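To start, the structure under review is shown below, and the notes come after it.
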Amino acid sequence: MSQNIAGKTVVITGASSGLGEATAYHLASLGAKVVLGARREDKLQQIVEKIEAKGGQAAYQVTDVTKASEVQALVQLAVSRFGQLDVIINNAGLMSIAPISELKTDEWDRMIDINIKGVLYGIAAALPVFEQQQHGHFINISSVAGIKVFSPGGTVYSGTKFAVRAISEGLRHEVGGAIRTTTILPGAVDSELKHGSSHQQSAEFVGNFYQIAIPADSVARAVAYAIEQPKEVDINEIVLRPAVQDF
Ligand code: NDP
């Protein structure tokens, strides 16, 4: 149990695999009540069952983050089931890599809808609750591709992750005080993310790049570090990479 994590209610989007799943297990093991959203119900159900089997508390709701009403419903589930919302982790994401000249506009749309609008809908759902409670913590998942442009191929993905970083910084500045804002910017982490590219050459490049990747619970520990700080300490950004990663 962790003193400043135990008992907190934490909503996690994109919790059915990768970073979100690992963070759910880790925070639940530290005594948090986790409320999980994603589209794959079977995966969410299994994760909740595993957490409960170890004595933890968890709930899930099928959630598509591109629909504001569904993200709203996820937050409402947290409040109705556990009485409050302490943290929302806006984590759901998609990485589709391809040269701009391929004009994969459907993939651009999907990345913008999930990676940017999904984060904004999480903010819209949680902010009124945080304001009413006079406390809360946003944790938004950007990327090292939100610091440097991952080009060629990752230009639009990078654009979405730069946006997450910019939105998080503006949010921090605007809400200040009682509401904390943390941006996590990971390098290569082993997850399903690497399978999101339909452009064959880019998919091969990503496959090679991800031969060196750190486990998803590395990010879970960074998230826990941000949450467990005393309320007057706001960890604004955490960048973590595989020790040997160049990019
Ligand atoms: P995964 O592909 O393993 O996880 C992505 C998660 O997002 C899944 O749970 C997926 O669930 C969910 N998701 C996708 N689309 C939607 C949607 N429309 N609505 C709700 N949930 C959705 O990848 P990661 O765990 O790696 O990715 C998590 C975050 O971390 C992303 O924002 C990613 O950009 C970021 N990141 C990852 C890095 C890495 O190297 N892995 C590095 C830097 C950042 P489902 O399909 O069930 O909806």
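Here the structure is a predicted model, which means the values were calculated and not measured. Scope of the values below: all heavy atoms of this structure, side chains included, with no hydrogens, waters or symmetry mates. First listed ligand is number 1; within each ligand, the first listed atom is number 1.
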Minimum non-hydrogen distance to atom 43 (C) of ligand 1, winning option of Ala213, Pro186, Ala188: Pro186

Side-chain donor-acceptor contact under 3.5 Å, Gln72 with Tyr121: no

Heavy-atom check, side chain of Ser218 versus side chain of Leu240, under 4.5 Å: yes

Sub-4.0 Å heavy-atom approach of Leu94 to ligand 1: no

Close approach of Ala216 to ligand 1, heavy atoms, under 4.0 angstrom: no

Shortest protein heavy-atom distance from atom 4 (O) of ligand 1, along with the residue and atom involved: Ser17 OG, 3.2 Å

Residue part near ligand 1, for Ala15, under 4.0 Å between non-hydrogen atoms: backbone

Atom 21 (N) of ligand 1: the protein heavy-atom neighbour that sits closest, reported with distance to 0.1 Å: Ala92 CB, 3.6 Å

Identity and separation of the nearest protein heavy atom to atom 36 (N) of ligand 1: Tyr157 OH, 3.9 Å

Within 6.0 Å of CD1 in Ile212, more than 12 heavy atoms from elsewhere: no

Shortest protein contact, atom 37 (C) of ligand 1 (heavy atom only): Leu193 CD2, 3.5 Å

Donor-acceptor pair between Asn91 and Thr13 side chains, under 3.5 angstrom: no

Rounded distance (nearest 0.5 Å) linking atom NZ of Lys231 with atom NE2 of His135: 10.5 Å

Donor-acceptor side-chain pairing of Glu107 and Ser198 below 3.5 angstrom: yes

Test side chain to side chain donor-acceptor pair (under 3.5 Å) applied to Ser142 and Arg165, step by step: CA-CA 6 Å; Ser142 176; Arg165 194 173 181 212; over 6 Å; no

Nearest heavy atoms of Glu21 and Ile47, plus distance in Å: CG-CD1, 3.6 Å

Ring centre gap for Phe150 and Phe209 strictly below 6.0 Å: yes

Under 3.5 Å donor-acceptor, Asp86 side chain and Thr9 backbone: yes

Residue and atom name of the nearest protein heavy atom (relative to atom 12 (C) of ligand 1), distance in Å to one decimal: Gly14 CA, 3.5 Å

Ligand 1 contact on Tyr121 by region, counting heavy-atom pairs under 4.0 Å: neither

Minimum-distance protein heavy atom relative to atom 10 (C) of ligand 1: Ser16 OG, 3.8 Å

For atom 28 (C) of ligand 1, the protein heavy atom that lies nearest, with its residue and separation: Asn91 OD1, 3.2 Å

Contact with ligand 1 for Gly37, non-hydrogen, under 4.0 angstrom: no

Ligand 1 contact by Lys161, heavy-atom criterion under 4.0 angstrom: yes

Closest protein heavy atom to atom 14 (C) of ligand 1, given as residue, atom name and distance to 0.1 Å: Arg39 NH2, 3.4 Å

Contact with ligand 1 for Asp64, non-hydrogen, under 4.0 angstrom: yes

